[in-house]
Amino acid sequence: MPRFVSLSLLLGCSGGVTDVGNLDSTGEPCVAASSALDEECACEAPSIVIGSGATAYEPLAEGSPLTMVHGPQGGWHMLGSAQFANLLPIVAIHYTITVVADGTVISDNNYRVQMVRDATCSGYFPGMYGYLDVAALAEGDSDTPPELLGRAELELRMEVVDTEERSAVDTLRVVAELDPTDAEEPAE
C-alpha cells in the first residue's frame with residue numbers, strides 16, 4: 001500500500017471527520033475521512049481495477065493478450081482503462097508498463113482525469129495510452145516493440161489518487177500481442 005494512504009487515513013481531510021453511522025469490518029462505527037464522497041462510499045476502501053478499451057472500460061483477465069497498437073505517427077502504445085470505486089471523481093493516475101522478465105519499465109505515463117460515473121460509488125476512465133519506449137531493450141537492428149516484445153509478459157500498473165488523497169493500486173499481467181499491421185509478412 002502506498003505510504004500516503006496511511007497518512008490520509010490518519011489525518012482525514014480539510015472538511016473534518018464525519019461519523020456516517022455505518023459499521024467497519026471490526027463492527028465499530030465507521031468514521032469517514034472524506035467530506036465530499038457519498039456517505040455510503042466514504043467508509044469503504046478505494047479500489048481500482050485495470051482493464052482496456054478505447055471508449056469504455058473492458059475487463060481484462062490475468063494473462064490476457066493486449067495489443068501493442070502501431071499508431072499512425074509510427075509509435076506504439078497499449079490501451080489501458082480503469083474502473084474505480086469509492087473515490088472522488090477527479091483522479092490522478094500513474095500508469096506504467098514493465099517487462100516482467102527483466103523489470104525494465106517501457107512506459108511511464110501520468111493522467112489527471114474526471115471519471116465517468118456509472119453508479120453511486122463507482123466509475124471508470126477509458127482509453128489511456130501507455131506509450132512504449134523500448135530504447136533500453138534495443139539490440140542491434142532489433143529496436144521496435146514488435147521485434148522486442150511480441151508474446152512477452154508485461155505488467156500493467158495503475159496507481160490512482162483522488163483530490164482528498166484517497167488512493168488505490170492495481171497490477172495486471174498481460175501478454176504483448178502484435179498489431180495486425182506488424183504481423184503481416186512483407187511482400188517480396
Assess whether side chain to side chain contact (heavy atoms under 4.5 Å, CB included) is satisfied between Asp102 and Leu137, documenting all intermediate values.
-> CA-CA 10 Å; Asp102 65 7; Leu137 302 172; 3.5 Å; yes

Residue pair [X] / [Y], side-chain heavy-atom distance below 4.5 Å:
{"X": "Thr163", "Y": "Arg112", "answer": "yes"}
{"X": "Ile97", "Y": "Val105", "answer": "no"}
{"X": "Met78", "Y": "Thr67", "answer": "no"}
{"X": "Glu155", "Y": "Val174", "answer": "no"}
{"X": "Glu40", "Y": "Cys121", "answer": "yes"}

Following the transitive rule for hydrophobic clusters with a side-chain heavy-atom cut-off under 4.5 Å over Ile, Leu, Val, Met, Phe, Trp and Tyr, establish whether [X] and [Y] coincide in one cluster.
{"X": "Tyr124", "Y": "Ile93", "result": "no"}
{"X": "Met158", "Y": "Tyr129", "result": "yes"}
{"X": "Leu149", "Y": "Val69", "result": "no"}
{"X": "Tyr111", "Y": "Phe84", "result": "yes"}

Out of curiosity, [X] [atom1] to [Y] [atom2], how far, rounded to the nearest 0.5 Å?
{"X": "Leu87", "Y": "Cys41", "atom1": "CG", "atom2": "SG", "answer": "9.5 Å"}
{"X": "Glu159", "Y": "Arg157", "atom1": "CD", "atom2": "CZ", "answer": "5.0 Å"}
{"X": "Met115", "Y": "Tyr57", "atom1": "CE", "atom2": "OH", "answer": "13.5 Å"}
{"X": "Ile48", "Y": "Ser81", "atom1": "CD1", "atom2": "OG", "answer": "10.0 Å"}
{"X": "Leu156", "Y": "Thr171", "atom1": "CG", "atom2": "OG1", "answer": "9.0 Å"}
{"X": "Arg166", "Y": "Glu44", "atom1": "CZ", "atom2": "CD", "answer": "9.0 Å"}

What are the two closest non-hydrogen atoms of [X] and [Y], and how far apart are they?
{"X": "Ser47", "Y": "Ala168", "result": "CA-CB, 3.6 Å"}
{"X": "Asp179", "Y": "Met68", "result": "CB-O, 3.3 Å"}
{"X": "Val161", "Y": "Ser167", "result": "CG2-CB, 3.9 Å"}
{"X": "Leu154", "Y": "Ala176", "result": "CD1-CB, 3.7 Å"}
{"X": "Ala136", "Y": "Thr104", "result": "CB-CG2, 4.1 Å"}
{"X": "Leu79", "Y": "Tyr95", "result": "C-OH, 4.0 Å"}

Would you check, one step at a time, whether the test side-chain hydrogen bond (donor to acceptor under 3.5 Å, both in side chains) holds for Ser142 with Glu139?
-> CA-CA 5 Å; Ser142 295; Glu139 296 177 5; over 6 Å; no

Between [X] (side chain only) and [Y] (backbone N and O only), is there a donor and an acceptor less than 3.5 Å apart?
{"X": "Asp162", "Y": "Glu164", "result": "yes"}
{"X": "Tyr131", "Y": "Ile106", "result": "no"}
{"X": "Asp170", "Y": "Ile50", "result": "yes"}
{"X": "Asp141", "Y": "Asp143", "result": "no"}
{"X": "Ser107", "Y": "Thr96", "result": "no"}

Test Asn109 against His94 for side-chain hydrogen bond (donor to acceptor under 3.5 Å, both in side chains), laying out the working first.
-> CA-CA 6 Å; Asn109 305 273; His94 185 201; over 6 Å; no

Verdict with reasoning, Thr144 to Val134, per side chain to side chain contact (heavy atoms under 4.5 Å, CB included) = CA-CA 7 Å; Thr144 66; Val134 295; 5.6 Å; no

